[in-house]
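In what follows, a single structure is set out as structure tokens and then discussed.
Both ligands and their constituent atoms are indexed starting at 1 by order of listing. Worth knowing before you read on, the calculation uses all heavy atoms, side chains too, and leaves out hydrogens, waters and symmetry mates.
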Amino acid sequence: MKRLLEEIINECSHYTKLGRVASYIPELQKANPDNFGICVIDKSGEYLAGDYDKPFTVQSIIKPLILLLALMDNGIERVKLLCGVEATGKPFDAFNYSDLALTSEHINPMINAGAIALCTLIRGETHTEKFERLLSLARTLSGNPSLSVNQEVYLSEKETGYKNRALAYMLKAYKMIDCDVDELLDVYFKACSVEVSCRDLARIAFVLANHGRLPDADRLLIPAEYARTVNAVMAICGMYDGSGEFALNVGIPAKSGVGGGIMASVPSRMGIGAFSPALDPKGNSLAGVKALELLSSKIGLSIF
Ligand code: GLU
């Protein structure tokens with residue numbers, strides 16, 4: 001497997017030159033577009049290649065964990081009252097609704113409006129406590145107690161997150177949320193700014209793939225039912241408005257982020273973390289997607 005991953009990194013590395021690093025959050029523009037790494041974890045071990053340990057901010061890949069915690073704190077019925085699960089076919093930050101209504105049917109947990117709404121369902125007396133509980137879940141699932149917020153990216157997002165502010169106020173205007181928007185967005189901006197590596201993503205993905213359990217322990221970390229729910233939602237809408245193509249060409253539940261990461265879960269089989277910050281026009285890591293396409297075709301990963 002390690003040799004295969006190294007071959008894939010070699011074969012796909014030219015794609016790092018064809019994408020563009022995200023620039024709408026100024027701090028993300030500093031990423032090195034040449035970085036390219038991958039990590040696969042299955043029951044036989046952990047396989048690493050390229051820049052597998054380079055840190056980058058998780059960005060939208062925190063959305064599956066926001067969904068997971070909202071489910072664990074409230075159950076599926078409450079979550080679905082607030083947020084639907086249908087693919088929107090629109091970009092992650094789109095205002096995907098008419099001005100006549102905004103309801104749960106217009107949003108899903110993998111787009112910004114849905115994830116921001118779901119942050120209100122995370123239990124906690126204060127917004128700080130909500131974020132701390134989310135961070136603690138990310139640390140537990142990744143087995144990495146030192147995961148923390150990249151302060152520069154967090155402040156950069158907070159300063160320039162006009163669209164997210166607009167989305168949150170739309171949610172409030174349509175009475176889908178009822179809290180202080182700035183405090184709520186602080187949870188979301190911090191959550192997006194948590195720094196991870198491919199290895200962290202692969203470990204989280206493995207737990208999702210392995211019905212809630214770690215590879216090296218038989219302890220149940222999250223309910224199997226919710227691992228399945230998160231995988232299903234990622235499969236439907238985890239790769240922005242490129243989710244359909246990704247389902248055809250790779251065929252596994254995955255979530256990408258504009259930091260260049262992709263977390264992919266192969267149910268009952270493996271967790272994968274890939275990273276390359278140069279993005280395609282839809283916001284997915286270009287080399288990361290190509291690497292997953294190649295890996296999937298070489299070892300038959302598609303669940304379809
Ligand atoms: N923090 C980013 C935003 O909300 C996340 C976007 C993404 O990775 O898709 O704009």
Side-chain angles (χ1 to χ4, degrees), residues 19-31 55-67 83 87-96 107-120 131 134-135 138 147-171 177 181-196 198 200-201 204-205 233-234 236-243 246 254-264 273-286 288-289:
R20 288 195 135 177
V21 167
S23 58
Y24 75 103
I25 299 169
E27 198 64 25
L28 292 183
Q29 229 171 335
K30 297 184 181 164
F56 54 94
T57 52
V58 66
Q59 296 299 333
S60 269
I61 306 169
I62 202 67
K63 288 175 175 143
L65 298 195
I66 293 174
L67 170 61
C83 188
T88 64
K90 300 258 169 51
F92 63 93
D93 55 354
F95 288 77
N96 184 46
I107 58 177
N108 72 52
M110 299 294 126
I111 58 170
N112 289 12
I116 291 168
L118 287 180
C119 284
T120 63
F131 171 70
L134 182 63
L135 181 61
L147 288 189
S148 56
V149 171
N150 176 318
Q151 287 298 325
E152 287 76 29
V153 173
Y154 158 59
L155 293 174
S156 188
E157 292 218 30
K158 194 174 159 120
E159 201 182 319
T160 58
Y162 309 116
K163 273 188 148 182
N164 286 323
R165 240 165 240 122
L167 286 170
Y169 277 111
M170 287 287 278
L171 292 168
I177 62 170
V181 162
D182 286 324
E183 286 186 2
L184 175 64
L185 283 171
D186 214 49
V187 177
Y188 177 74
F189 291 141
K190 274 191 194 140
C192 290
S193 307
V194 171
E195 222 164 40
V196 292
C198 288
D200 298 319
L201 294 184
I204 297 170
V233 174
M234 290 200 297
I236 291 159
C237 45
M239 299 297 285
Y240 305 118
D241 41 333
S243 299
F246 189 84
K255 181 74 199 89
S256 62
V258 295
I262 302 177
M263 176 177 83
F275 165 58
S276 173
L279 309 177
D280 68 16
K282 298 196 164 170
N284 294 312
S285 167
L286 186 57
V289 169

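The residue from L134, T57, L135, D200 that alone fulfils the side-chain contact (heavy atoms from CB on, under 4.5 Å) condition with V194 is L135.
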*Mind running side chain to side chain contact (heavy atoms under 4.5 Å, CB included) on I25 and F189 for me, showing each step along the way?*
CA-CA 11 Å; I25 299 169; F189 291 141; over 6 Å; no
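Annotation for Q151: atom CD counts as buried by contact number, over 12 foreign heavy atoms lying within 6.0 Å.
Checking side-chain atoms of R165 against main-chain N and O of K158 turns up a donor-acceptor pair under 3.5 Å. Side-chain atoms of N108 come within 3.5 Å of backbone N or O of I111 as a donor-acceptor pair. Using a distance-only test at 3.5 Å, with no hydrogens or angles considered, no donor-acceptor pair links the side chain of K255 to the main chain of I61.
Within 4.0 Å of ligand 1, heavy atoms belong to protein residues Y24, Q59, S60, F92, N112, E157, N164, Y188, C192, Y240, G257, V258.
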